[in-house]
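Since the structure comes first, as structure tokens, the remarks are kept for the end.
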Amino acid sequence: MITSIGNNGRVMPTPSSTDPLLILSSTLQTAFEAVAGRAGIDPVIRPSEHADAQANGALALAKELGQSPRQVADAVLAQCAGLTDICSSIEVAGPGFLNLVFNNDFLAGLLKQVSDDSRLGIGKVTKRKVVIDYSAPNVAKEMHVGHLRTTVIGDSLVRMLTFVGHDVIRENHIGDWGTPFGMLIEHLLDLGETKAAEHLSLGDLDGFYKQARAKFDGDEAFQDRARSRVVLLQGGDDETRRLWKLLVNLSTQHFNAVYELLGVLLTDNDLMGESAYNDLLPQVITRLDKLGLLQQSDGADVVFPPGYTNREGDPLPLIVQKGQGGFNYATSDLACVIDRIDRLNADLLLYVVGAPQAQHLSMVFDVARMAGWLNEPNEAVHVAFGNVLGSDRKMMKSRSGDPLKFIDLVEEAVTRADESIASKNPNLPEAERKVIAQMVGIGAVKYADLSTDRVRDYVFDWERMLSFDGNTGPYLQYAHARICSIFRRAGIERESVRNITPNLVEPQERELAIKLLAFNAAVIDTIDKYSPHRLCTYIYELATTFTAFYEHCPVLKAEDENIRQSRLALCDLTARVLNQGLALLGIETPEQM
RNA sequence: GCCCUCGUAGCUCAGCUGGAUAGAGCAAUGGACUUCUAAUCCAUCGGUCGCAUGUUCGAAUCAUGCCGAGGGCGCCA
């Protein structure tokens, strides 16, 4: 099954789609075009509160045709005689809307198609080579809540992009280079390698960093040592490189432990730290110079991309080589663009980086375009996210006060989940409960982060994150667990009901069917905007629609065997979509909780 | 001073490719459990969609200007 995306990023309907709204859209388009007497009319199909769907196209077309919207709607309706296999009812309503009610057999047939499809109706898209830059913790620094966002959002985008058929390259651009390493290496030497290794392997990266920083700030002799150590490091001195590598390895071990605990896909193979681009940096300058883009400003080498100004209203430069001759992050970000496009042949570069970097990245992309390194159809996108705020609504900065350590956060979430499960389901053996608590606790943390619009600031709240009510991970997992429980209790294999075409009678059954068939659209929309919260909203709506069905439509106690079989099929498909949807967010679904 | 993002119910958030009466959850109130796991469901309560003007048949959604919050603005990354 192929769902193609047009160059406007929107989904174009294809006959093989299992999305009833798409099918309706392409079918009604013909009717609208017949009335308009020209091609390219959008019927403007939307979900509706007054019917299963509504077509708003008549209102827009009325002016062009010099008729009233209701006249246009009536004319379109007259063209829809052949639609009876899709819609059981079409009527004109209000100022000129077409209210459409789907034929039950049509919906049931689509459900069967989705059920027969291991991809649950999610089509593959035209393949692109995508490089996604996310997580990016700093060596010898603790991962904190800020890293949580980029890591969790990036991981979920990786899963979705891969699933729809893109070739995805993960890059973890760790901060493993630059001036702080002078002081870090000198501090390592002061402590002694063995003691430093013990210190760092305990995961107390911040303590190590702070000690080094304190010495640097208060001790001039140490400052001198640190500065000359940086020179040695950048000059490629063997012993210095060895010590540097030691620091990097100890840190990445810690990162890997966190990634594994979180169930994030990043591994050592994805490491592409700043140091990896070191050899490319001089080239960036020479190439910009050859292109005539390089200018001198206050002793630094800079490029002036148009459209940026500083406080005084003067053109704002992107500094690519400092007055002292050193490179900075602009240089290395430009090297990244070159490397990702030239060496990796990527055509889409995603940067899951905090919103405060917007101007910097925008300038880097502009300079890359000016230099001809980034051309259509290749594109770079800043997948920006907002700050993590405390309950006081102030930014949670690692500097000020006590930073919330990543690992402590996850452990507390798991502990709380464990306590909840123990109290709600005391018969569950402890070993099983521990496994489930891990899924629930970590799922809660991830879902809390993913379920709000990423560009907005995010209020970090223990209570809400771990609450088992409302739009939370545990609620969704619970809906899934309840379905599994039905099958477990009845001793029925899930696979055994997959040859059944459901019979949709009750309103809750129809609602559930329509929601299930919207999965593909939700995933495509989520990817189109790089906004996981859209998928979260869909899954939450699916779960609430399911629980309404669950309350109103008895499954195992259904009045006859056909209804029972039909409802079992609906349950199974719902569980599969919940499971797949949450999997695309990087969240696991326990079978009981 | 300039630029960017955000402003929706008491709280936390959806909705923003313009469509009918703006939706959830939490909190508050009232119901439904010898259960297909009540970690749930149903109902009630709660909103000048920051303000104003404009575009349009139609604006929470688009444009412009204000107000408020946060962020960014030359050698940290």
Side-chain angles (χ1 to χ4, degrees), chain A residues 8-10 42 44 46 48-50 54 56 59-60 62-63 68-69 93-97 99 136 138 175 177-180 274 297-302 307-314 316-324 326-330 332-333 354-360 362 384 386-387 389 393-395 420-421 423-425 427 440 451-453 455-459 461 463-464 467-472 474-475 477-479 481-490 525 528 533-534 536-537 540-541 544 547-548 550-558 567-568 571 592-593:
Chain A
N8 61 356
R10 244 151 267 142
D42 182 358
V44 195
R46 298 283 183 272
S48 177
E49 290 173 16
H50 306 276
Q54 63 184 58
N56 305 336
L59 290 101
K63 194 167 194 180
S68 79
F97 301 107
N99 283 351
N138 289 312
W177 205 246
T179 44
E274 290 164 24
S297 178
D298 295 341
D301 285 337
V302 307
Y308 301 89
T309 53
N310 65 13
R311 276 195 189 80
E312 286 71 45
D314 299 326
L316 181 68
L318 183 70
I319 296 175
V320 291
Q321 188 157 20
K322 298 187 271 190
Q324 317 288 332
F327 303 115
N328 64 5
Y329 74 139
S332 102
D333 281 341
Q357 305 272 4
Q359 182 175 270
H360 164 74
S362 172
N387 299 308
L389 306 178
R393 298 214 61 118
K394 296 256 171 68
M395 239 179 100
S420 295
I421 298 165
S423 71
K424 294 289 178 186
N425 198 350
N427 297 327
V440 173
S451 59
T452 59
D453 190 352
V455 302
R456 290 173 50 134
D457 289 347
Y458 164 52
V459 178
D461 186 324
E463 285 300 313
R464 204 175 314 117
S467 160
F468 289 63
D469 293 311
N471 189 7
T472 68
Y475 175 79
Q477 290 170 322
Y478 179 59
R482 286 173 116 183
I483 298 174
C484 295
S485 173
I486 292 174
F487 285 89
R488 188 168 53 244
R489 176 163 288 243
D525 181 47
D528 193 43
H533 85 280
R534 289 177 172 259
C536 292
T537 302
Y540 177 59
E541 286 171 357
T544 53
T547 46
Y550 181 91
E551 297 289 333
H552 291 98
C553 304
V555 179
L556 297 179
K557 292 175 187 163
R567 288 178 182 170
L568 280 169
C571 284
Q592 53 181 321
M593 45 191 291

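In what follows, chains carry the letters A, B, and so on, assigned in the order in which the sequence lines appear, proteins first and then strands, with residues in each chain numbered from 1.
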With 3.5 Å as the limit, what N/O pairs link the protein to nucleotides 28-31 of chain B?
none

Checking all strands, does [X] fall into the base, sugar-phosphate, or nothing category for heavy-atom contacts under 4.0 angstrom?
X: A:Asp298; answer: base
X: A:Leu316; answer: sugar-phosphate
X: A:Cys484; answer: nothing
X: A:Thr547; answer: sugar-phosphate
X: A:Ser420; answer: nothing
X: A:Pro317; answer: base
X: A:Tyr308; answer: nothing
X: A:Glu541; answer: nothing
X: A:Ala481; answer: base
X: A:Val555; answer: base
X: A:Ala60; answer: base
X: A:Ala300; answer: base

Contacts of [X] that satisfy side-chain contact (heavy atoms from CB on, under 4.5 Å) - sequence neighbours left out:
X: A:Tyr458; result: A:Arg149, A:Val388, A:Ala448, A:Asp449, A:Thr452, A:Phe460, A:Met465
X: A:Ala300; result: A:Val302, A:Ile319
X: A:Ala355; result: A:Ala384
X: A:Ser362; result: A:Tyr308, A:Asp366

Using atom [atom1] in both nucleotides, what's the gap between [N] and [M] to the nearest angstrom?
N: B:rU21; M: B:rU12; atom1: P; answer: 29 Å
N: B:rU5; M: B:rU44; atom1: P; answer: 39 Å
N: B:rG65; M: B:rC3; atom1: P; answer: 9 Å
N: B:rG46; M: B:rC4; atom1: P; answer: 40 Å
N: B:rC16; M: B:rG50; atom1: P; answer: 15 Å
N: B:rG25; M: B:rU40; atom1: C1'; answer: 14 Å
N: B:rC75; M: B:rG68; atom1: P; answer: 30 Å
N: B:rU53; M: B:rG10; atom1: C1'; answer: 31 Å

Might you list the N or O atoms of the protein lying below 3.5 Å from N or O atoms in nucleotides 60-63 of chain B, with each pair's distance?
none

- Minimum heavy-atom distance A:Leu318-A:His360, with the two atoms named: CD1-ND1, 4.3 Å

- Message: Quick check: closest heavy atoms across A:Asn310 and A:Glu312, and the distance to 0.1 Å?
- Response: OD1-N, 2.9 Å

- Want to settle it: does A:Arg488 or A:Val302 sit nearer the 5' end of RNA chain B, counting the closest nucleotide to each? A:Arg488

- Query: Mapping A:Gly175 and A:Lys63 to their closest nucleotides on RNA chain B, which lands nearer the 5' end?
  - Reply: A:Lys63

Between the protein and nucleotides 1-6 of chain B, which nitrogen or oxygen pairs come in under 3.5 angstrom?
none

Round to a whole Å and report the spacing from [atom1] of [X] to [atom2] of [N].
X: A:Asp528; N: B:rU17; atom1: CG; atom2: C1'; answer: 9 Å
X: A:Met593; N: B:rU37; atom1: CE; atom2: C1'; answer: 10 Å
X: A:Leu318; N: B:rC76; atom1: CG; atom2: P; answer: 14 Å
X: A:Leu389; N: B:rG70; atom1: CG; atom2: C1'; answer: 8 Å
X: A:Arg464; N: B:rG25; atom1: CZ; atom2: P; answer: 15 Å

- Query: List RNA chain B stems (3 or more consecutive Watson-Crick/G-U pairs, under 3.5 Å)?
  - Reply: B:1-7 with B:67-73, B:10-13 with B:23-26, B:28-32 with B:40-44, B:50-54 with B:62-66

Would you say [X] reaches [N]'s phosphate, i.e. side-chain N/O to OP1/OP2 under 4.0 Å?
X: A:Thr452; N: B:rC13; result: no
X: A:Arg489; N: B:rU37; result: yes
X: A:Lys424; N: B:rA39; result: yes
X: A:His533; N: B:rG15; result: yes
X: A:Tyr475; N: B:rU37; result: no

- Would you say the base of B:rA77 and the side-chain of A:Tyr329 have a donor-acceptor pair closer than 3.5 Å? yes

- Mind telling me if B:rG74 is syn or anti? Syn here is a glycosidic angle within 90° of 0. syn

Scan nucleotides 20-23 of chain B against the protein and return all N/O pairs shorter than 3.5 Å with their distances rounded to 0.1 Å.
from: B:rA20; atom 1: N7; to: A:Gln54; atom 2: OE1; distance (Å): 2.9
from: B:rA20; atom 1: N7; to: A:Gln54; atom 2: NE2; distance (Å): 3.2
from: B:rA20; atom 1: N6; to: A:Gln54; atom 2: OE1; distance (Å): 3.2
from: B:rA20; atom 1: N6; to: A:Asn99; atom 2: OD1; distance (Å): 2.3
from: B:rA20; atom 1: N6; to: A:Asn99; atom 2: ND2; distance (Å): 3.4
from: B:rA20; atom 1: N1; to: A:Asn99; atom 2: ND2; distance (Å): 3.4

- Residues in ring-ring contact (aromatic ring centres under 6.0 Å, His included) contact with A:Tyr550, at least two apart in sequence or another chain: A:Phe546

- Note on the structure: The ring-ring contact (aromatic ring centres under 6.0 Å, His included) partners of A:Phe487 (sequence neighbours excluded) come to none

- Pair A:Tyr540, A:Ser451: side-chain N/O donor-acceptor within cut-off below 3.5 Å: no

Between the protein and nucleotides 49-51 of chain B, list every N/O to N/O distance that falls short of 3.5 Å.
none

